[in-house]
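Every chain is numbered from 1, with letters handed out A, B, ... down the list of sequences.
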2 protein chains.
Amino acid sequence: MKDFLTLDKQLCFAVYETAGEFTKLYTSALQPFGLTYPQYLVLLALWEKDGVTAKELGERLNLGTGTLTPMIARMASNGWLRKERSKTDERKINIYLQDKARQEKHPITQKVSETIQTCRIELEEYEQLMMQLGTLRRKVKGRI
Amino acid sequence: MKDFLTLDKQLCFAVYETAGEFTKLYTSALQPFGLTYPQYLVLLALWEKDGVTAKELGERLNLGTGTLTPMIARMASNGWLRKERSKTDERKINIYLQDKARQEKHPITQKVSETIQTCRIELEEYEQLMMQLGTLRRKVKGRI
DNA sequence: AGGTTTTGTATCGTGTGCGATTTAATCTTA
DNA sequence: TAAGATTAAATCGCACACGATACAAAACCT
């Protein structure tokens, strides 16, 4: 416990660096489609459930309106999605995929899948990490 | 292997989210000192080895000049560090800690250490994660 | 119903993060 | 040694990411 600072430095940094490497990998895979990594995460969320409000999307992705609003605007102007003010509650914005996003789903996911597979991550490794990162994330989040 | 896309989504997102939670935790711990999380990482690197060039620092932190140059400028104007052009090679910039950074080292690391300890991360968990993240990072980095 | 509070978005300012370009200094090599 | 290549920083443009603030619509409340 006495070298916790050194250790801590390494864990926070390990997560920080790994996230950076993922961003670079996905950026290169997505670049041909004119998508950024965070935009791809938005598409992933919408491919699972379309027509959600900005708030729901933000909760799903852990992003606030300060990040999402301009991002949604960019993606709308690039033809990926469409904003529509809710009829029943004028405060809400519903977000819908456009045809382009539905049509490109397979090529995009195919390309990403191929790219990820070149990393040769073992299934066991994958599952362990998912579990441990989940535990870690909950602990870190719970403390704030 | 057939649900790799779904799994993949979850791993990249798990790393992405965890990094975000760390950022929030550190941001709140460092805010009293007027430091951001990336700036704290710069200090950590310099506390270990002072007087390095911008390039060395960038390699240590995995950051390019487009990120580091303005960050160093901000930290210099906030009194944390000092830039000095190398005498022997005028292209290089050496970066030195200022007194403030040396004096505040203990209070800062103390506060961070306390904050991290509230997460109650087990040593075993910690070491496993460090190892697995290292492996993952190398695999992801190696593929680009 | 009308005032208050809450809620959902939008906007703003600051700080990363990155690829591409630029500039100046150093190194290479013919 | 002078032209060309390489290297180290700086600069630029774009896209997150976040906290704070603003604002309008809806809900709440006697």
Side-chain angles (χ1 to χ4, degrees), chain A residues 13 16-28 30-42 52-78 80 83-95 141 144, chain B residues 13 16-28 30-42 52-78 80 83-95 141 144:
Chain A
F13 191 56
Y16 170 85
E17 266 193 298
T18 308
E21 294 304 335
F22 264 115
T23 300
K24 283 174 198 163
L25 182 65
Y26 277 79
T27 297
S28 84
L30 295 167
Q31 181 264 327
F33 302 99
L35 275 177
T36 67
Y37 176 41
Q39 287 172 10
Y40 168 73
L41 295 177
V42 168
V52 296
T53 66
K55 182 181 164 61
E56 286 176 89
L57 192 57
E59 281 162 358
R60 197 101 166 62
L61 299 171
N62 242 311
L63 293 174
T65 159
T67 302
L68 265 188
T69 299
M71 206 166 126
I72 290 169
R74 275 187 293 273
M75 292 182 74
S77 83
N78 287 335
W80 295 107
K83 288 164 47 174
E84 194 175 293
R85 202 157 279 279
S86 162
K87 258 87 178 175
T88 60
D89 186 341
E90 297 262 336
R91 289 170 304 184
K92 295 183 182 171
I93 291 282
N94 289 112
I95 296 156
K141 187 165 190 166
I144 300 181
Chain B
F13 191 55
Y16 170 85
E17 264 192 300
T18 308
E21 292 304 335
F22 265 115
T23 300
K24 282 174 197 163
L25 183 66
Y26 277 78
T27 297
S28 85
L30 295 166
Q31 181 264 326
F33 301 100
L35 276 176
T36 67
Y37 176 42
Q39 287 172 9
Y40 168 73
L41 295 177
V42 168
V52 297
T53 64
K55 181 181 164 62
E56 287 177 88
L57 192 57
E59 281 162 359
R60 196 102 166 62
L61 299 170
N62 242 311
L63 292 175
T65 159
T67 303
L68 265 187
T69 299
M71 205 165 128
I72 290 168
R74 274 187 293 272
M75 291 181 75
S77 82
N78 288 334
W80 295 107
K83 289 163 49 173
E84 194 175 294
R85 202 157 278 281
S86 163
K87 258 86 178 173
T88 60
D89 186 341
E90 297 261 336
R91 289 171 304 183
K92 295 181 181 171
I93 290 284
N94 289 113
I95 297 157
K141 187 165 190 166
I144 298 183

Q: Would you give a per-nucleotide map of nucleotides 19-25 of chain D, 5' to 3', where B means the base has a protein non-hydrogen atom under 4.0 Å away, S means only the sugar-phosphate does, and - means neither?
A: B-----B

(Q) If I take atom CG in residue A:Leu61 and atom P in nucleotide D:dC16, what distance separates them, rounded to the nearest angstrom? (A) 12 Å

(Q) As a quick check of understanding, evaluate side chain to side chain contact (heavy atoms under 4.5 Å, CB included) for A:Trp80 and A:Val42, giving each step before the final call. (A) CA-CA 10 Å; A:Trp80 295 107; A:Val42 168; over 6 Å; no

**Q.** Residues that B:Thr69 engages under side-chain hydrogen bond (donor to acceptor under 3.5 Å, both in side chains), provided they are two or more places apart
**A.** B:Thr65

(Q) Taking the side chain as everything from C-beta on, heavy atoms only, tell me whether B:Tyr37 gets closer than 4.5 Å to A:Tyr16. (A) yes

Q. Hey, is the side chain of B:Lys55 poking within less than 4.0 Å of OP1 or OP2 on D:dA8, counting only N and O atoms?
A. yes

Q. When you list every nucleotide of DNA chain C with an atom under 4.0 Å from a heavy atom of chain B, which one comes first 5' to 3', and which comes last?
A. C:dG15 to C:dT26

Q | Nearest-0.5 Å distance, OG1 of residue B:Thr36 to CE of residue B:Met75 | A | 7.0 Å

Q: Output all residues satisfying side chain to side chain contact (heavy atoms under 4.5 Å, CB included) with A:Glu17, sequence neighbours left out; order by chain, then residue number.
A: A:Phe13, B:Asn62, B:Arg137

Q | Contacts of B:Ile93 that satisfy side chain to side chain contact (heavy atoms under 4.5 Å, CB included) - sequence neighbours left out | A | B:Lys83, B:Arg85, B:Ile95

Q) For DNA chain D, whose closest nucleotide is more 5', that of A:Pro38 or that of B:Arg85? A) B:Arg85

Q) Between B:Tyr16 (OH) and D:dA15 (C1'), how many Å, whole number? A) 11 Å

(Q) Checking B:Arg91 now: which residues fulfil side-chain hydrogen bond (donor to acceptor under 3.5 Å, both in side chains) with it, not counting sequence neighbours? (A) B:Asp89

Q) In whole angstrom, what separates B:Glu17's CD from D:dA17's P? A) 12 Å

Q) Whole-Å distance between D:dA15 P and A:Leu35 CG? A) 12 Å

Q) What does B:Thr23 touch in the nucleic acid at a heavy-atom separation under 4.0 angstrom: a base, only the sugar-phosphate, or nothing? A) nothing

**Q.** Heavy-atom pair with the smallest gap, counting every atom of B:Ala54 and B:Ile72
**A.** CB-CD1, 4.4 Å

Q. Taking for each residue the nucleotide of DNA chain D with the nearest heavy atom, is it B:Lys92 or A:Ser86 whose nucleotide lies nearer the 5' end?
A. B:Lys92

Q: Work out which heavy atom in A:Leu63 is nearest to a heavy atom in A:Leu68; give both atom names and the distance.
A: CB-CG, 4.1 Å

Q: Would you classify B:Leu63 as touching base, sugar-phosphate or nothing, given that sugar-phosphate means primed atoms plus P, OP1 and OP2, and contacts are heavy atoms under 4.0 Å?
A: sugar-phosphate

Q: Taking side-chain hydrogen bond (donor to acceptor under 3.5 Å, both in side chains) as the test, write out the residues that go with A:Ser86, two or more places apart.
A: A:Thr88

**Q.** Heavy-atom closest contact (A:Met71 atom, A:Gln39 atom, distance)
**A.** CE-N, 3.6 Å

Q) Roughly how many Å is it from CD in B:Glu84 to C1' in D:dA8, rounded to a whole number? A) 16 Å

Q: Identify, with sequence neighbours excluded, every residue that meets side-chain hydrogen bond (donor to acceptor under 3.5 Å, both in side chains) alongside B:Glu90.
A: none

Q. Taking only residues two or more places apart in sequence or in another chain, which ones pass side chain to side chain contact (heavy atoms under 4.5 Å, CB included) with B:Glu59?
A. B:Lys55

Q.
So if I take residues 70-77 of chain B and measure heavy-atom distances to DNA chain C, which residues fall below 4.0 Å?
A. B:Met71, B:Arg74

Q. Got a sec, which residues hit salt bridge (charged side-chain N to carboxylate O under 4.0 Å, His left out) with B:Lys92, two or more places apart in sequence or on another chain?
A. none

Q) End-to-end bend of the helix from C:dA1-D:dT30 to C:dA30-D:dT1 (five-pair axes, 10° rounding)? A) 10°

